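What follows is a short report on a single structure.
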Amino acid sequence: MAVACLAVPGWAIAEACDDSAWPATLAARALQFPVDGIRPETVRDTFLDGRLGRRHEALDIMAPRGTPVRAVEDGKLVKLFESKPGGLTVYQFDPAGQLVYYYAHLDRYAEGLHEGMQLRGGDLIGYVGTTGNAAPDAPHLHFAVFVLGPEKQWWKGEALNPYCAWRAAR
Ligand SMILES: [Zn+2]
């Protein structure tokens with residue numbers, strides 16, 4: 001799938017996100033912003049940045065450690081996973097089971113969070129941190145969206161850039 005939504009470097013969501021400029025799969029949705037107290041228009045588009053020889057394929061949303069992280073929409077929490085790069089992570093399907101939302105570097109999970117539970121958009125899932133390979137002095141949420149394959153494997157999918165998802169929230 002073509003990666004769109006990369007016209008303007010950083011900052012200016014309004015200019016970068018006209019209707020033709022980003023994945024239709026995401027354009028049809030009203031994703032909530034996942035980090036409390038941060039203005040969406042201050043998030044830089046880091047989707048195409050290089051990270052250790054790979055494309056980043058995610059957004060880094062900088063925020064103080066301990067800031068609440070919330071589900072971007074309804075859907076099933078399919079996996080709580082701790083990995084070397086991602087640290088404490090959450091994988092959530094969208095309601096139709098077409099997309100998986102990935103939240104990484106969490107400081108800790110929300111109380112009572114468990115695999116298989118149904119999340120509502122805005123539900124607390126955890127707190128911003130630096131677990132995994134995030135720099136200790138740069139807490140952030142690493143947020144990614146993947147299109148699931150036919151096998152619906154939570155760890156496999158093609159990345160979509162969610163940068164334009166919150167233009168309506170400006
Ligand atoms: Zn990242």
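These numbers come from a predicted model, not from an experiment. Order of listing sets the numbers, starting from 1, for every ligand and every atom in it.
- Here Gln153 pairs with Glu151, Trp155, Lys156 under the side-chain contact (heavy atoms from CB on, under 4.5 Å) rule; sequence neighbours left out.
- For residues 105-116, the set of pairs meeting the salt bridge (charged side-chain N to carboxylate O under 4.0 Å, His left out) definition, not counting sequence neighbours, comprises Arg65-Asp107, Lys79-Glu115.
- Looking at residues two or more places apart in sequence or on another chain, you find a side-chain contact (heavy atoms from CB on, under 4.5 Å) between Asp94 and Arg29, Glu73, Ala96, Gln98, Leu99, Tyr101.
- In this structure, Asn161 and Leu59 have side chains that are in contact, with non-hydrogen atoms separated by less than 4.5 Å.
- Using a distance-only test at 3.5 Å, with no hydrogens or angles considered, no donor-acceptor pair links the side chain of His140 to the main chain of Ile61.
- The set of protein atoms (N, O or S) found at less than 2.8 Å from the Zn ion (ligand 1) reads His56 NE2, Asp60 OD1, His142 ND1, by chain and number.
- Contact annotation: the side chain of Tyr109 never approaches that of His114 to less than 4.5 Å [non-hydrogen atoms, C-beta and beyond].
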